[in-house]
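For reference, the structure discussed in these notes is given below.
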Amino acid sequence: MRIATWNVNSVRARGERIAAWLQRSDVDVAAVQETKCRDDQFPTQLFTDLGYEVAHHGLSQWNGVAVLSRVGLEDVQVGFPGQPGWGDPEAPEARALGAVCGGVRVWSLYVPNGREIDDPHYAYKLRWLEALRAYGAERLAEDPQAGIALCGDFNVAPQDDDVWDMAEFEGSTHVTKPERDAFTSVVEAGFTEVVRPYAPGPGVYTYWDYKQLSFPKRKGMRIDFVLASPALAARVSGALIDREERKGKGASDHAPVMVDLDGGAEDESAAADSAGLAGA
DNA sequence: ATGGTTGAATGTCAA
């Protein structure tokens with residue numbers, strides 16, 4: 001089974017490109033962020049026509065998260081318990097959506113950007129990551145064998161090599177110790193980042209700003225991740241960052257990140273077929 | 001080409 005995460009930066013501006021990518025890449029489950037639309041604006045049919053079930057949560061033109069799956073989509077959760085809110089009155093934004101797909105609880109997460117270190121959004125970002133850690137820890141305490149994937153745009157570059165030049169990030173968000181500590185806390189709660197071992201840096205990124213020719217100049221950031229629970233991490237057989245998808249007219253500013261899993265219902269059925277053939 | 005973004009409530013914010 002292949003699962004993926006991608007900040008698409010508007011599902012309406014990029015629908016055809018997303019559909020082409022799903023098919024080309026043989027994606028079974030996609031966690032999508034920044035759909036930038038309400039539920040009633042989501043181009044559901046584009047994906048159901050390709051055999052995917054769709055769950056979307058969008059409240060406005062900002063944020064918006066979705067899960068697309070062709071291996072079943074059950075138990076949809078809008079937001080997670082304890083997810084911090086924003087605004088007045090304070091309310092959760094459309095930044096988290098979970099569903100069980102092919103036996104794995106897949107979360108599409110869009111961590112707040114943080115903007116500037118002295119902006120209230122920065123403290124909001126840290127609260128949000130802490131709440132995610134607490135929720136993840138709780139789920140694993142309840143079921144240590146659970147297959148959980150925390151997929152998304154974390155808006156944190158955990159290591160110095162995850163940005164093109166640390167000197168250019170002096171005083172900036174995404175690389176501060178509190179943000180990195182918050183990310184590490186989620187990992188230490190039991191969620192291994194499974195992409196990096198198969199796509200090591202330096203110079204390997206998932207996001208390049210549209211401005212200043214960042215992509216051709218290779219000035220990117222690694223901020224999109226798949227964090228897997230122990231049982232799920234044990235099934236990972238590969239991962240890749242689809243840098244090609246960042247190229248050309250109409251690209252998102254993020255690249256898709258894909259993870260391949262061994263086992264699960266499909267592989268068991270294939271193994272049974274193989275055994276049957278061998279015996280024939 | 002010596003510069004250079006894109007997408008969303010069309011006006012200005014967000015990333």
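Any value given below was found using the heavy atoms of this structure, including those in side chains, with hydrogens, waters and symmetry copies removed. Order of the sequence lines fixes the chain letters, A, B, ..., with proteins taken first and strands second; residue numbering starts at 1 for each chain. Everything numeric in this text was worked out from a predicted model, so none of it was measured.
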Any base atoms under 4.0 Å from [X], or only sugar-phosphate, or nothing? Heavy atoms, all strands.
X        : value
A:Arg38  : nothing
A:Lys249 : nothing
A:Phe215 : nothing
A:Glu116 : nothing

Taking atom [atom1] in both [N] and [M], compute the distance separating them and give it to the nearest angstrom.
N     : M      : atom1 : result
B:dT6 : B:dT10 : C1'   : 15 Å
B:dG7 : B:dG3  : C1'   : 22 Å
B:dA8 : B:dG4  : P     : 24 Å

TODO: Could you list where the contact with chain A starts and ends along DNA chain B, reading 5' to 3', using a 4.0 Å heavy-atom cut-off?
DONE: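 Contact span on the strand: B:dG4 to B:dA15.
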Open item on the list: For A:Asn113, run the side-chain contact (heavy atoms from CB on, under 4.5 Å) check against A:His121, A:His174, A:Lys125 and tell me which one passes.
Closed with: A:His174
Task: For A:Tyr207, the option from A:Asn9, A:Asn155, A:Asp253 that meets side-chain contact (heavy atoms from CB on, under 4.5 Å) - done: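 Result: among A:Asn9, A:Asn155, A:Asp253, A:Asp253 is the only option passing the side-chain contact (heavy atoms from CB on, under 4.5 Å) with A:Tyr207.
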Open item on the list: Can you tell me if A:Glu168 has over 12 outside heavy atoms packed within less than 6.0 Å of its CD?
Closed with: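 Buried by this count: over 12 neighbours within 6.0 Å.
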Task: Set of side chain to side chain donor-acceptor pair (under 3.5 Å) partners for A:Asp260, sequence neighbours left out - done: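 Applying side chain to side chain donor-acceptor pair (under 3.5 Å) to A:Asp260 gives A:Arg2.
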Open item on the list: Both A:Gly114 and A:Asn9 contact DNA chain B. Which one's nearest nucleotide lies toward the 5' end?
Closed with: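 Nearer the 5' end of the strand: A:Asn9.
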Open item on the list: By nearest heavy atom, map A:Ser10 and A:Asn63 onto DNA chain B; which one lands nearer the 5' end?
Closed with: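 That would be A:Ser10.
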Open item on the list: Side chains of A:Gln33 and A:Thr5 only: does a donor on one sit below 3.5 Å from an acceptor on the other?
Closed with: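 Looking only at side-chain atoms, A:Thr5 and A:Gln33 do form a donor-acceptor pair, the distance falling under 3.5 Å.
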TODO: Return the orientation label for the A:Trp107 and A:Phe80 ring planes: parallel under 30°, perpendicular over 60°, tilted otherwise.
DONE: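 Plane angle over 60°, so perpendicular.
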